[in-house]
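Along the sequence shown, the residues carry numbers beginning at 1. We count ligands from 1, going down the list as the structure has it; atoms in each ligand are counted the same way. Source: prediction; values computed, not measured.
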Amino acid sequence: MSHKPERANDQGQKKRKRKKRTKQTITCAVTHIRLIEANPGKLAALDQLLEVYLPLCQQYVALFCTQETLPDKYADPVFATVLSDRLHRVAMQQAAGIAKSWRTNRQAAYDAYLEDLADYAEAKTQATASGMPLDPKRIEPTWKEWNLPELRVPAIQANANVVAVEQSEDSTFDYWLRISTLDKGNPLHIPVKLAPYHKKALQGRTLNTSTTLHKRKGVWWLTLSFDLDVPVETESSAQKVGVDVGIANFITTSTGKKYGSFHGKLARRHTRDREKRRRKARLRACLKKKGVEKLPSTSSASGQRLGRHVRQEINRAVNQMIADHPNARIIYEDLSVASMRFKARSMNAYLYASNLAHIPEQIAWATAKRGMAAHTVKAAYSSQECQRCHYPDRANRPDQQTFKCILCGHRDHADHNAALNLARRFGDTELAACKNKGEVKTRLLRRHEEWKKQYGLAVVQPAVQLGLWDYSEASTDVAESEKAHQCNI
Ligand SMILES: [Zn+2]
């Protein structure tokens, strides 16, 4: 049985859909509101609640992540608890949210792994067929199963059923929080005093009914939020600007501009941080051998600072890019953290990957805030596809920076070529309908065929053509064309 509340009628839904095109709704969070204790012992009730709430939430996270069916926050409760039904439901909703994003990310990573594996197998078959050894730099991809998510920071993502925000009657405080706890029928009342900058942010806004309470280093914090409707100002005729996300340059646009980089200062800082962590690990190993029980922590403050610094640099790059293209329609890659990892393959993948993922997030946020239209498009082969003749091949990328089409000879900076491809993919319903990378490649190869019919003869040397063009329309599948390009090399 589902406990899903009734939804608005169909007409209301249609209305919402129509509205979506002219404005975007963004949710703004007001964070770091410290909960103050009006009288001693009050917050202790919150601590007690947490002791029951968190394990229950964790139980549901494990269930929702591992069960076959998708997480359903309205499903029947299955675990016993002393919590009220309302708090129980809130714990399930929080767990369902965590499980949903974990499952999506894990699936994306697994799909990326499978595609990488297929790619590797194909390269290996080719190598065997041609009698040439496989590029020693290519390593067979492996899959390591993900751990289930753990609730590290104690937090309660509540709704108005369990945490109500009430306007304060007198001027001493701004709000009162009415929080349901283990003591049924006897809610906790906690005053909220806003800092001037919180007040400014919330002025004239209608608060959302969802709130978050979390505890860090013994202090309870409240997060409030409100929705903001931002009209979309971008004209339908606006210039389409493609945005490629990378490491050498955080952002390269189809207009030929570059913003931010992992190289230079950030890379040096990263190296220092890594050395520090290695030293610490050696020290831990040494102490462990000697039987020391209390080992120095593995968390690295400098690593966290570095992460913050990278995100600041990313924000700066995104803002600069937007300032340079104020009237454009931004088209960027639909990249998951997993595919980022593949993009960062040859580099120190993991650190870069987690930070690279901040770039599309920041693009989405920064454009929405300004009422700019921004869209994601399929990223598959955008860095390998030739911007001129559509031919997609790893060999088109002799090195990280260079794009050189092995068929038509088109040359460009690799990131610029990719950005142009992305810009062109906006509104490309054929590519959008492709279900996997293989379908994208087949489609691009077909486009290459069409291009060739139109322009091919003028560009390619006749000697190459004989071996290359001599396959029928029906055989434009991946294997055939791979063979064809081998002849070319
Ligand atoms: Zn080409």
Worked check of salt bridge (Lys or Arg N to Asp or Glu O under 4.0 Å) between Glu233 and Arg370
CA-CA 8 Å; Glu233 313 273 3; Arg370 290 169 179 80; over 6 Å; no
Assess whether salt bridge (Lys or Arg N to Asp or Glu O under 4.0 Å) is satisfied between Asp135 and Arg394, documenting all intermediate values.
CA-CA 12 Å; Asp135 182 353; Arg394 191 187 281 270; over 6 Å; no
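Heavy atoms from other residues, nucleotides or ligands lying under 6.0 Å from CD of Gln67 number more than 12.
Checked options Glu333, Glu385, Glu430, His375; the residue passing with Arg425 is Glu385 (criterion: side chain to side chain donor-acceptor pair (under 3.5 Å)).
Ring pair His390/Trp451: centre-to-centre distance not below 6.0 Å.
Using modelled atom types, one finds a donor on one side chain and an acceptor on the other under 3.5 Å when comparing His325 with Thr255.
Listing protein N, O or S atoms at distances below 2.8 Å from the Zn ion (ligand 1), with waters left out, gives Cys386 SG, Cys389 SG, Cys405 SG, Cys408 SG.
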